[in-house]
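Below is one structure; the comments refer to it alone.
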2 protein chains.
Amino acid sequence: MEILIDIDDPIPLFTQLISQIKEAVIKGELKPGTQLPSIRQLANDLELNSKTVAKAYRHLERDSVIQTRGYRGTFVHPDAVANSAVDLNALVLSKIGEVIEACRDAGATDSEIRIAFGDAMNQRPLRRN
Amino acid sequence: MEILIDIDDPIPLFTQLISQIKEAVIKGELKPGTQLPSIRQLANDLELNSKTVAKAYRHLERDSVIQTRGYRGTFVHPDAVANSAVDLNALVLSKIGEVIEACRDAGATDSEIRIAFGDAMNQRPLRRN
DNA sequence: ATATGTACCGTTCGAGGTAATGGTACATCT
DNA sequence: AGATGTACCATTACCTCGAACGGTACATAT
């Protein structure tokens with residue numbers, strides 16, 4: 001398989017990586033159990049910072065597309081094919097969209113909704129990126 | 001009644017105005033039916049831009065705390081006392097808070113939620129401030 | 001003519017967030 | 001010793017957004 005990263009693309013680099021790996025899994029170019037290159041290795045090949053690749057791997061593991069086994073390397077998850085098709089962002093987007101519409105119907109202004117959103121994000125415990 | 005606006009206060013000026021007028025209504029200093037100063041007049045008195053006062057009036061009218069009758073002036077709404085106590089922002093805040101928590105439980109990252117929020121705000125028709 | 005609320009164009013400033021980068025360090029296993 | 005994933009510190013640049021401001025214009029009614 002081959003991965004192409006476009007630095008000029010407005011889409012974040014780590015997002016491009018995630019998408020391409022998921023696509024490779026769906027196309028069958030990456031089969032469950034296959035070992036993936038290490039973070040540092042892939043960062044070298046694609047001329048990316050290791051943090052960027054690590055971020056992509058972190059997301060992919062959360063989505064159960066890959067499995068990281070510490071010093072033993074990273075592998076394609078057994079259920080990778082199914083999990084690659086799941087679009088968490090779409091779910092989040094629809095959920096939030098509904099609430100926004102509800103708030104607007106209630107008479108709230110966009111700026112009020114934005115402020116409330118910012119407050120709500122801060123009031124609850126923080127999370128990693 | 002008297003209104004004091006603090007420019008150094010991090011709270012937006014139009015928000016300070018809204019709060020103080022609502023408080024005056026609740027305290028009984030502003031009674032239903034009372035005519036309020038015009039936007040330009042109040043802007044002069046408080047040394048604010050007329051847009052700032054207009055924005056505050058716009059919000060107050062949406063909340064049915066005041067009634068604007070065009071060239072005839074602006075008056076305190078008959079149900080102003082009750083409506084001043086209603087806190088729309090609190091409702092919006094709790095609604096959004098619930099959704100954020102749900103999204104986080106679903107495994108979404110804060111940054112993903114923020115991006116989804118931004119997208120959701122843009123995908124749907126725009127509104128005034 | 002004057003005042004009213006309203007609406008549009010624009011700009012400036014600051015805060016906050018994301019993305020990406022760098023460096024360093026750790027415990028773990030081969 | 002070397003590689004692994006992971007974690008912390010930091011900075012930089014870019015962008016978006018809110019807030020406030022200025023100017024101008026409009027239809028309406030007094």
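In the text below, chain A, chain B and the rest are named by the order of the sequence lines, each starting its count at 1.
In the hydrophobic cluster analysis, where Ile, Leu, Val, Met, Phe, Trp and Tyr join through side-chain heavy atoms closer than 4.5 angstrom, A/Leu36 is grouped together with A/Leu13. Under the 4.5 Å side-chain heavy-atom criterion for grouping Ile, Leu, Val, Met, Phe, Trp and Tyr, A/Met121 is connected to A/Val92 within one hydrophobic cluster. Taking hydrophobic clusters as Ile, Leu, Val, Met, Phe, Trp and Tyr residues chained together by side-chain heavy-atom distances below 4.5 Å, A/Ile115 does not share a cluster with A/Ile113. A/Ile21 and A/Ile26 are members of different hydrophobic clusters when ILVMFWY side chains are connected at heavy-atom separations under 4.5 Å. If you chain together hydrophobic residues whose side chains sit under 4.5 Å apart, A/Ile5 and A/Val65 fall into the same group.
In this structure, B/Lys55 places its NZ atom 6 Å from C1' of D/dA19, rounding to the nearest Å. When the C1' atom of D/dC14 is taken as reference, atom CD1 of A/Ile11 falls 17 Å away, rounded to whole Å. Atom CG in A/Asp9 sits about 10 Å away from atom P in C/dA20, given to the nearest Å. When rounded to the nearest whole Å, the span between CD1 of B/Ile115 and C1' of C/dA19 equals 10 Å. Distance CD1 (A/Ile7) to P (D/dC14): 15 Å, rounded to an integer number of Å. Protein atom CG of B/Leu48 is 9 Å distant from nucleotide atom P of D/dA20, rounded to whole Å. Protein atom CG of A/Asp8 is 15 Å distant from nucleotide atom C1' of D/dC14, rounded to whole Å. A/His59 has its NE2 atom 17 Å from the P atom of D/dG5, to the nearest Å.
Listed pair A/Thr74 / D/dG5 meets the phosphate criterion, a side-chain N or O lying under 4.0 Å from OP1 or OP2. Applying the 4.0 Å criterion to OP1 and OP2 of C/dG17, one finds that B/Ser111 has every side-chain N and O outside that range. Within the structure, a side-chain polar atom (N or O) of A/Ser38 is placed less than 4.0 Å from OP1 or OP2 of D/dT4.
Contact annotation for A/Glu61: backbone-only contact, meaning every heavy-atom pair under 4.0 Å involves sugar-phosphate atoms and none involves a base. Here B/Gln67 lies out of heavy-atom contact (under 4.0 Å) with every strand.
Closest to the A/Thr52 side chain, of the nucleotides C/dA20, D/dA20, D/dT6, is C/dA20.
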Legend entry - Sugar-phosphate or base contact per nucleotide [nucleotides 23-30 of chain C; S, B, -; heavy atom under 4.0 Å]: B-B--BS-
Between N or O atoms, less than 3.5 Å apart, protein on one side and nucleotides 10-16 of chain C on the other: list the pairs.
none

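The local environment of NZ in A/Lys95 is sparse, with at most 12 non-hydrogen atoms from other residues, nucleotides or ligands closer than 6.0 Å.
Residues B/Leu13 and A/Gly70 both approach DNA chain D. Their nearest nucleotides, taken by heavy-atom distance, put A/Gly70 toward the 5′ side.
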Inset, instruction - Would you please test B/Leu42 and B/Leu17 for side chain to side chain contact (heavy atoms under 4.5 Å, CB included) and show each step? - result: CA-CA 10 Å; B/Leu42 189 55; B/Leu17 228 189; 4.3 Å; yes
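Contact record, A/Ile96 with B/Ala120: CG2-CB, 4.2 Å, taken as the closest heavy-atom pair.
Side-chain contact check for A/Thr109 and B/Arg58: no donor-acceptor pair (N or O, by modelled atom type) lies under 3.5 Å.
Note on ring orientation: taking the six-membered ring where Trp is involved, the planes of A/Phe14 and A/His59 are tilted (angle from 30° to 60°).
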